Visitor: 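Okay, handing you the structure first.
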Number of protein chains: 2
Amino acid sequence: MQLNQATDYAFRAVLHLASLPAGAVVSARELAEAQAIPPRFVLKIMHALTRAGLVESRRGPAGGFGLARPAAEISLLDVIEALEGPVAIHRCLAEREACNKHCTSECPVHAALRGLQDGLVAGLRRATFASLVAKKP
Amino acid sequence: MQLNQATDYAFRAVLHLASLPAGAVVSARELAEAQAIPPRFVLKIMHALTRAGLVESRRGPAGGFGLARPAAEISLLDVIEALEGPVAIHRCLAEREACNKHCTSECPVHAALRGLQDGLVAGLRRATFASLVAKKP
DNA sequence: CTAAATCTATACTATTCCAGTATAGTACTG
DNA sequence: CAGTACTATACTGGAATAGTATAGATTTAG
Ligand code: SF4
Ligand code: SF4
């Protein structure tokens, strides 16, 4: 019931990129140092963010990473989904067949959890990195 | 980011007990069969629920388990906490020191997630088994 | 052209957690 | 006192987590 460590590193990395002037890039090594991310591990995280289309990379000397679109269009949900796939607070909300009871009718717990998950996901979608950067001191 | 299997079994078990006439008890074996829970595993789950004070047990022949208080006073949150401990959607919300970045000031991601978690927890607390049973067909 | 810097992609590993089993013990009933 | 049923804890195989390692591709400077 918890986001994993890689996702947290990704939050820090995107927050770092979001507070940069537009168009600027920062190397994996700098990111790792500034955000206290293990230097080898940061590569894997940026790889996932790049594949998801949230960040863009430039190779070679003076290369690095930058946001692929405005920080106002990147939410906590986007980052979580890039690292962990779709959000699901219970197995049967990830895929309905995960219920090993094979309830004939709709399960009331399932229904209640679905409502709560929807609220959570909506909140994660509303939390953009533009709004988060704005809150920083 | 998902409730575990044991917690789901506990949901089914409590839902089963909540739909019984008041004062009735049901044995572990019956519970396991009715709710498709592995027969040995159900003992561990009922043990956790008993220790948390949500269910009461009676030993010996004709023994079994029943709710320790009215279904209206048992929520999804109570069951989750009995099986998994306090709800936390992120490591730094479980314990503040879990952040290996040692942010000097308040982290905006932390603040946003805390708000969302509070909403989720409030919803879980509001979902009592009395209301869930009422929704069953 | 070539060397160094930097990202890309995947394989590997140690540790921890999960899901479930096993078993020895305690309490109640008839 | 024998059988039923819960109590409590130890054990286990497999999967997930949190990283590390490495071989390769691309870009730029000189
Ligand atoms: S019993 Fe209900 S809550 Fe549990 S997995 Fe099945 S549908 Fe979901
Ligand atoms: S960086 Fe922010 S969100 Fe991540 S663990 Fe630290 S306080 Fe929590």
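Worth saying up front: this structure is predicted, and the values here are computed from it rather than measured. Sequence lines set the chain letters: A, B, ... in the order given, protein chains first and strands last, and positions in each chain run from 1.
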Visitor: At under 4.0 Å, does any side-chain N or O of B:T50 touch on OP1 or OP2 of D:dC6?
Guide: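 Result: no.
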
Visitor: How many whole angstroms separate atom CZ of B:R59 from atom P of C:dG30?
Guide: 17 Å

Visitor: Output the single nucleotide from D:dA18, C:dT8, C:dT21 whose closest atom is nearest the side chain of A:F41.
Guide: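 The listed nucleotide nearest to A:F41's side chain is D:dA18.
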
Visitor: Within the supplied structure, the quantity of interest is the number of heavy atoms (other residues, nucleotides, ligands) at a distance under 6.0 Å from B:R69 CZ; does it exceed 12?
Guide: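 Counting other residues, nucleotides and ligands, CZ of B:R69 exceeds 12 neighbours.
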
Visitor: Specify whether A:F11 and A:F129 have parallel, tilted or perpendicular ring planes, treating 30° as the upper limit for parallel and 60° as the lower limit for perpendicular.
Guide: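 Geometry flag for A:F129 against A:F11: tilted rings.
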
Visitor: Counting the atoms with a prime plus P, OP1 and OP2 as sugar-phosphate, which does B:R29 contact under 4.0 Å by heavy atoms, base, sugar-phosphate, or nothing?
Guide: nothing

Visitor: Could you state the atom-to-atom distance from NZ of A:K44 to C1' of C:dT10 in whole Å?
Guide: 9 Å

Visitor: Hey, is the side chain of A:S57 poking within less than 4.0 Å of OP1 or OP2 on C:dT8, counting only N and O atoms?
Guide: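 A:S57 to C:dT8 OP1/OP2: side-chain N or O found under 4.0 Å.
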
Visitor: Apply side chain to side chain contact (heavy atoms under 4.5 Å, CB included) to residues A:N100 and B:Y9 and explain how you reach the verdict.
Guide: CA-CA 10 Å; A:N100 52 19; B:Y9 291 150; 3.2 Å; yes

Visitor: Salt bridge or not for A:R12 and A:D8, using N-O below 4.0 Å?
Guide: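 Answer for the salt bridge query: yes.
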
Visitor: Atom OH of B:Y9 to atom C1' of C:dT21: distance rounded to whole Å?
Guide: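 That distance rounds to 13 Å.
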
Visitor: Can you work out whether B:S27 or B:R91 has the more 5'-proximal nearest nucleotide on DNA chain D?
Guide: B:S27

Visitor: Determine whether more than 12 heavy atoms belonging to other residues, nucleotides or ligands lie under 6.0 Å from atom CZ of A:R58.
Guide: no

Visitor: What's the CD-C1' distance between A:E56 and C:dT6, to the nearest Å?
Guide: 16 Å

Visitor: Please figure out whether A:R58 or A:L43 has its closest DNA chain D nucleotide nearer the 5' end.
Guide: A:L43

Visitor: Whole angstrom is fine here: how far is it from CG in A:L49 over to P in C:dT8?
Guide: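 So the two atoms are 11 Å apart, to the nearest Å.
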
Visitor: Using OP1 and OP2 only, check whether a side-chain N or O of B:H47 sits under 4.0 Å from D:dA8.
Guide: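 Answer is yes, contact under 4.0 Å.
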
Visitor: Can you tell me the distance, in whole Å, between the CD atom of B:E30 and the C1' atom of D:dT4?
Guide: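 Between C1' of D:dT4 and CD of B:E30: 13 Å.
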
Visitor: Specify the separation, in whole Å, of atom CZ of A:R40 and atom C1' of C:dC12.
Guide: 13 Å

Visitor: Please state how far atom CZ in B:F65 lies from atom P in C:dA27, giving the value in whole angstrom units.
Guide: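 So the CZ-P distance, B:F65 to C:dA27, works out to 16 Å.
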
